[in-house]
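I have placed the structure first, in the form of structure tokens, so that the comments after it can refer back to it.
Everything quoted here is computed from the prediction, not taken from an experiment.
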Amino acid sequence: MKGQGLHDPKGELFAYLEGNVLYTLEGEATGRLDGEYIVDMTGNRIWRVEGDGVYSLETSEVVGYFSSSAPGTR
């Protein structure tokens, strides 16, 4: 199944979303999409999602953005 790639502001892929689970490039589940937030595996909010943009909770600085799909399959 293809997911959405999560890219940093420079365009480098650093994670991907498959369903509502966020994975590292090594395939380790690191968080999940919960409404308008990315939360860690224990449910703590770590980033805010607005459209395709992902933002820091503290400073609203851009963490990255979701692409239409991540390369490869899982």
Do Leu17 and Leu33 come within less than 4.5 Å of each other through their side chains, counting heavy atoms only?
yes
Going through the checks in order, is the side-chain contact (heavy atoms from CB on, under 4.5 Å) test met by Leu6 and Phe14?
CA-CA 6 Å; Leu6 181 53; Phe14 71 94; 3.5 Å; yes
Step by step, would you call Val63 with Asp8 a side-chain contact (heavy atoms from CB on, under 4.5 Å)?
CA-CA 6 Å; Val63 172; Asp8 68 19; over 6 Å; no
Are Ile38 and Tyr55 packed together at the side-chain level, in the sense that at least one heavy-atom pair is separated by less than 4.5 angstrom?
no
Heavy-atom closest pair, residues Arg45 and Leu57:
O-CD1, 3.4 Å
Measure up the Tyr23 and Tyr16 rings against each other and bin them: parallel (under 30°), tilted (30 to 60°), perpendicular (over 60°).
parallel
Write down the atom of Val54, the atom of Val49, and the distance for their closest heavy-atom approach.
CG2-CG2, 4.4 Å
Measure the OG-CG distance between Ser67 and Leu13 for me, rounded to the nearest 0.5 Å.
7.0 Å
Give me the atom names and distance for the closest heavy-atom approach of Leu25 to Ala15.
CD2-N, 4.0 Å
Going by an N to O cut-off under 4.0 Å, is there a salt bridge joining Arg32 and Asp34?
yes
With side-chain contact (heavy atoms from CB on, under 4.5 Å) as the test, would you mind laying out the steps for Trp47 and Leu22 before giving the verdict?
CA-CA 12 Å; Trp47 296 322; Leu22 186 68; 4.0 Å; yes
Quick check on the hydrophobic clustering: are Tyr65 and Tyr37 connected, directly or via other members, by side-chain heavy-atom contacts under 4.5 Å?
no
Sub-4.5 Å side-chain heavy-atom contact between Thr30 and Thr24:
yes
For Arg48 and Ser60: C-alpha separation, side-chain torsions, deciding distance, then whether side-chain contact (heavy atoms from CB on, under 4.5 Å) applies.
CA-CA 8 Å; Arg48 180 176 50 85; Ser60 294; 3.6 Å; yes
